[in-house]
Number of protein chains: 2
Amino acid sequence: MLQAPVIMQDHERCADCPIRHRAVCAYCEPPELVKLDAIKSYKTYKAGETIAWAGEPMDVIGSVVSGVATLSRTMADGRRQMVGLLLPSDFIGRPGRPTVSFDVVAANEVRICRFKASEFEALVTRMPALERRLLEMTLDDLDAARDWMLLLGRKTAREKIASLLAILARRDANLTQQTVADGLVFSLPLTREAMADYLGLTIETVSRQISALKKAGVIVLEDSRHVRVPDFVALLDEAGDDSDGGMVS
Amino acid sequence: MLQAPVIMQDHERCADCPIRHRAVCAYCEPPELVKLDAIKSYKTYKAGETIAWAGEPMDVIGSVVSGVATLSRTMADGRRQMVGLLLPSDFIGRPGRPTVSFDVVAANEVRICRFKASEFEALVTRMPALERRLLEMTLDDLDAARDWMLLLGRKTAREKIASLLAILARRDANLTQQTVADGLVFSLPLTREAMADYLGLTIETVSRQISALKKAGVIVLEDSRHVRVPDFVALLDEAGDDSDGGMVS
DNA sequence: TTTAAACATTGATCTCGATCAAGGCGCGTT
DNA sequence: AACGCGCCTTGATCGAGATCAATGTTTAAA
C-alpha cells in the first residue's frame, strides 16, 4: 500500500520518515522537520514476529524502511485473509484511530521507522498539508483494496498468481529503476503460505499455478524465491488486467 | 460505506449535504454552511441507470439521500465484482481525485445530493475540520473493504450470504431505530444478481443459500425482497463473525 | 557432515460452488 | 385474460480448487 512512485533521495534528513515521500519533503517547514527528526525511532522485527495484534491499542505509526510486513484478519477457526501488504516505503497506521483492526506481522526481517502516535497527531494538527497527504495515502490504499476485492471475488487461481507477481514485479522495478525491456528479475518476499493468504487460496494451489506459469514460459524460476519475467505484458495478460497500471516503461 | 451512526435531524438546513453527518453539523461555521447550501443540487437516477463510468472525469461529489447505489469493477470478459455499496447517508466521491475508478450504478431509484467537485474542494481548503472528516470517512471505507476482503477470500457461500444479510439488517435497524429484541424485519434493496456481485458468487448460489438459511430457520422470507430475522445472534453465528460489530442493542 | 524443521512440489481424490437447463412467480402492457 | 419480460427458484451435472498424502528441497542448527 501507499507506495511512493520514486523515493526522494535528496532529503537525507527525513529519508526514513513515515511521511517523507510527498508530505514532509514537499510541504513541511524546516522547524517542523527538525521536530519530526527528534521524535522518530527505529525498530527491527524478525521474520514471523507479530508487530501488533488486532484490537490492541496502537500507539505508534510509521513506515517500512526495509523488509515486508502483512496485515491480516483471522476468523475464529483459524482461516486467515491478508488484507494489506506493506513493502518498503509503505505507511503503517490509522491516523486518529485508537486500535489496530487486524494483525500486523513481519513477513521477513522488517525495519520500521516510527513515531509515537500522540506526537504525530499533534504534528498533524499543526501541518494541514500533512493531513491532506494522509487522506491521499488512504485513498490509494482504498483503491488497492478494491482492486484486491476484484481479484478475490472473480479471478481464477492462475489470474490471482499472475496478478500478485505483476504487483511485486512493478514494486521491485520501481525501487531498482529497472525497465521492462531488460526482462524483469525480482525476489519473492513472501512464502507460499503468505501468497495463499494474500490470494484466498491454499499453498498447494499457489505452488501448482506457479509451476503452470513456469511451464507456459510466462515466468522463469531462478530458484523458488527469485522470478524472471521475460515479457511483462504476457504476465499482465495472464492476470486478466485491462490496464498496465502505471508500469515504469 | 461511510455510514453515519445516527442521522442528525436537528440540522434541517444541511440535512442532505454529503458531509452533514459529522463534519458540517459538528464543525462548520455558519457562514460556510450557507455557502454549502448555495452550491448543492439534487439528482435522481432510475434503477439500473449508470451514474458514472469507470475512468470518467468525476466533477461532482455527493451523498445518497435515498435508494441504493453500487460501485463495481468489471473485467474485459464481463466478470463483475462489486467493490462498494452506498446506502442512504453514504458519501460518494474521491476528494482530490480527477476520475472515478469504477462504475457507479443505481441499484434502485436513487436520490443524490451533489456538489460540484471544484467548489467542494475549495471549501475543504478553507475548513480543515472537513478534511479531517474526509480522512475519517475514508478510513471507515478502508476498514469495510478489508472486512469485505476476508468475506471474499475465505468465507463459504453460506457465510457470505449471512454476512450480507447481517450488514443490511444492521443498517436498516440503525435507520429505523429498531432494536434486536423485536426480531428485525428489513427489505433487501438488492437483486439476487447484485448480491452475487457483492459476494463473488452466482445468482443461483445466492438463491440456494438464502433458501438454505430459510430452511434452517435463521431467516424468514416474507417475500423475496423482505426478510425477518428472529434471532440476530444466530445470523451473526452463520456469518462466521467473531464480534457483534456495533449493533444497536 | 548429519539432522531436523520449515518450506515447496506433486499426485490422487473429493467437494463446493459454477454451469447448464427448466420452470415458477410477479407485474405491467395490450 | 393472455402475453411477455424480468426476476427468482430448483434440479442435474461439471470442474476448479480444496483436501489428504507423500516426497523433495532449502536452511540452519548441532
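In what follows, chains carry the letters A, B, and so on, assigned in the order in which the sequence lines appear, proteins first and then strands, with residues in each chain numbered from 1.
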Check: F232(A) and R170(A) side chains under 4.5 Å, non-hydrogen atoms: yes

Atom-to-atom span, CG of D197(B) to P of dC7(D) - whole angstrom: 13 Å

Integer-rounded Å distance: dT26(D) P and L188(A) CG: 15 Å

Residue mapping more 5' on DNA chain D - nearest nucleotide basis, L190(B) or D223(A): L190(B)

Sub-4.0 Å heavy-atom contacts from residues 204-212 of chain B onto DNA chain D, ordered by number: E204(B), S207(B), R208(B), S211(B)

Protein-nucleotide distance (L221(B), atom CG; dC8(D), atom C1'), rounded to Å: 11 Å

Sugar-phosphate only, base, or nothing, as touched by R225(B) at under 4.0 Å among non-hydrogen atoms: sugar-phosphate

Contacts of A212(A) that satisfy side chain to side chain contact (heavy atoms under 4.5 Å, CB included) - sequence neighbours left out: R158(A), Q209(A)

Pairwise side-chain contact, I219(A) with I210(A), heavy-atom cut-off 4.5 Å (strictly under): yes

Qualifying salt bridge (charged side-chain N to carboxylate O under 4.0 Å, His left out) pairs, either residue in residues 53-80 of chain A, two or more places apart: R73(A)-D147(B), D77(A)-R79(A), R79(A)-E159(B), R80(A)-E193(A), R80(A)-D197(A)

Residues in side chain to side chain donor-acceptor pair (under 3.5 Å) contact with T205(A), at least two apart in sequence or another chain: T202(A)

Partner residues of S163(B) under the side chain to side chain donor-acceptor pair (under 3.5 Å) criterion, sequence neighbours left out: K155(B)

Nearest-angstrom distance from the residue atom CZ of R158(A) to C1' of dA16(D): 13 Å

Partners meeting side chain to side chain contact (heavy atoms under 4.5 Å, CB included) with R97(A) (sequence neighbours left out): R94(A), E136(B), L139(B), D140(B), D143(B)

Sugar-phosphate only, base, or nothing, as touched by T202(A) at under 4.0 Å among non-hydrogen atoms: base

Which residue lies more 5' along DNA chain D, comparing L201(A) with S224(A) via nearest heavy atoms: L201(A)

Partner residues of E222(B) under the salt bridge (charged side-chain N to carboxylate O under 4.0 Å, His left out) criterion, sequence neighbours left out: R228(B)

Axis-to-axis angle between the two ends of the helix from dT1(C)-dA30(D) to dT30(C)-dA1(D) (five base pairs per end, rounded to 10 degrees): 30°

Between P of dG17(D) and CD of E159(A), the distance in whole Å: 9 Å

Closest non-hydrogen atom pair, A145(A) against L142(B): CB-CD1, 4.1 Å

Where at least one partner belongs to residues 44-54 of chain B, residue pairs that pass side chain to side chain donor-acceptor pair (under 3.5 Å), sequence neighbours excluded: T44(B)-R111(B)

Interface limits on DNA chain C, where chain B has a heavy atom under 4.0 Å of a nucleotide atom: dG17(C) to dC20(C)

Sugar-phosphate only, base, or nothing, as touched by G200(B) at under 4.0 Å among non-hydrogen atoms: sugar-phosphate

Taking every non-hydrogen atom, the tightest pair across L184(A) and A169(A): CD1-CB, 4.0 Å

